[in-house]
Amino acid sequence: MLGFACICNTLKDSGRFKTVTVKTLTKLSDEDQAKKLKATAVDNLYNSLQILKWCKENDILMYRFSSDIIPLATYVESWHWWEDGDVQNMCSKIKSFVEENKIRISLHPDQFCVLNSDKPHVVQNSIKHLEYLNTLSNMIGNKLLIIHTGSTVGGKEKAIQRFIESFSLLSKDIQSKLALENDDKSFGALDVLPICETLGIPMIFDIHHFNCLNTGESLSDLRQRIINTWKGRRPKMHLSSGKTGFNDRHHGDYINEEDYRAALKFAGEDFDIMLECKQKELALLRIRENEACSHTS
DNA sequence: CTCGGTCAAGGATAC
DNA sequence: GTATCCTTGACCGAG
């Protein structure tokens, strides 16, 4: 099964997300601030639902939500978004739709969520960010929050220890949703696997990140260990192509043929594949077209 | 209207 | 320490 992330180009404006800047917000009265934040949040939730419906119509049953649905979620104290009736209403519509259609959903915190930072305030902010995403997750029926290990300050060993310490500070609810993904610069598959095994959380295998960062380990050696971290749940992996070549860290617009074949080979019958390329759903549709062509020829 | 500098949030790197 | 870049999509002020 294939899925895509965040934006749906096909839906034009209703396939994207709006946000609010602090600069704009501070020019408004308290009342107008709440109005603006609410209008944006409800709009973003509505658009998320439109994308899910589009997915269903197109037989795409895996989707990753934008993490920016609630604007300035952990920054503004004046509006309790989770207590807003209209927000709750939109969330429950999303939750029902996801459950009825068995769509596999997930959320990624942004890059500034660094659980293993050496700066205590950064860890606190990261936990706040995860708490926001966890609350939203419970409202829309999401069970998977995918994060990276984070910083390497002080060396990888110490950084991993800090990650494990921060993990222990999280609520059980958040812990049960977290999955850890290998990255392309610092923490490779062989760094992430032991952390996942220690903490008992699933590992998201990103095959493009693996291509950018590995120490010569073979895919076949990793495969079963990764599957084991999912403890019977169906594993999920990420796929993208380098913009200018095999191990260019920048993501390309589409998935190229060789990368797709390699991912399919790794996935076998076991993994769902989340596409992470610039052209989102268009890349997924292109893969399908190519497969249809090769079947008929 | 379009364009391009800017934006809550962190980190890595070079000096 | 400080400056600068990484990186993403949308904002927003200038023209």
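Since the structure is predicted, the reported quantities are computational estimates derived from the model, not experimental observations. Each chain gets a letter, A, B and so on, in the order the sequences are listed, and its residues count up from 1. Note that these values count all heavy atoms, side chains included, but never hydrogens, waters or copies made by symmetry.
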Inspect the surroundings of CD in A/E157 and state if more than 12 heavy atoms from other residues, nucleotides or ligands are less than 6.0 Å away. no

How long is the line joining OH of A/Y75 and P of B/dG10, in whole Å?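 In whole Å, B/dG10 P lies 12 Å from A/Y75 OH.
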
Looking for any heavy atom pair under 4.0 Å, which part of the strands does A/A5 touch: base, sugar-phosphate only, or nothing?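 No contact at all - A/A5 keeps every heavy atom at 4.0 Å or more from the nucleic acid.
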
Report whether A/I7 and A/L275 are members of the same hydrophobic cluster (ILVMFWY, side-chain heavy atoms less than 4.5 Å apart, transitive linking). no

On a heavy-atom basis, the closest approach of A/A263 and A/I207 is CA-CD1, 4.1 Å

Applying salt bridge (Lys or Arg N to Asp or Glu O under 4.0 Å) to A/D272 and A/K236, what does each step give before you reach the verdict? CA-CA 5 Å; A/D272 290 329; A/K236 190 176 189 179; over 6 Å; no

What are the atom names and distances for every N/O pair under 3.5 Å that joins the protein to nucleotides 3-7 of chain B?
none

For DNA chain C, write out the stems as range with range, using runs of 3 or more consecutive Watson-Crick or G-U pairs with both distances under 3.5 Å.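 Detected stem regions: B:1-7 with C:9-15, B:10-15 with C:1-6.
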
Given [options], the nucleotide with the shortest approach to the side chain of [X]:
X: A/K27; options: C/dG13, B/dG10, C/dT7; result: C/dG13
X: A/K185; options: B/dG10, B/dA12, C/dA10; result: B/dA12
X: A/F112; options: C/dG9, C/dC11, B/dG10; result: B/dG10

I'd like a table of atom pairs between the protein and nucleotides 1-3 of chain C - only N or O on both sides, under 3.5 Å - with the distance next to each one.
none

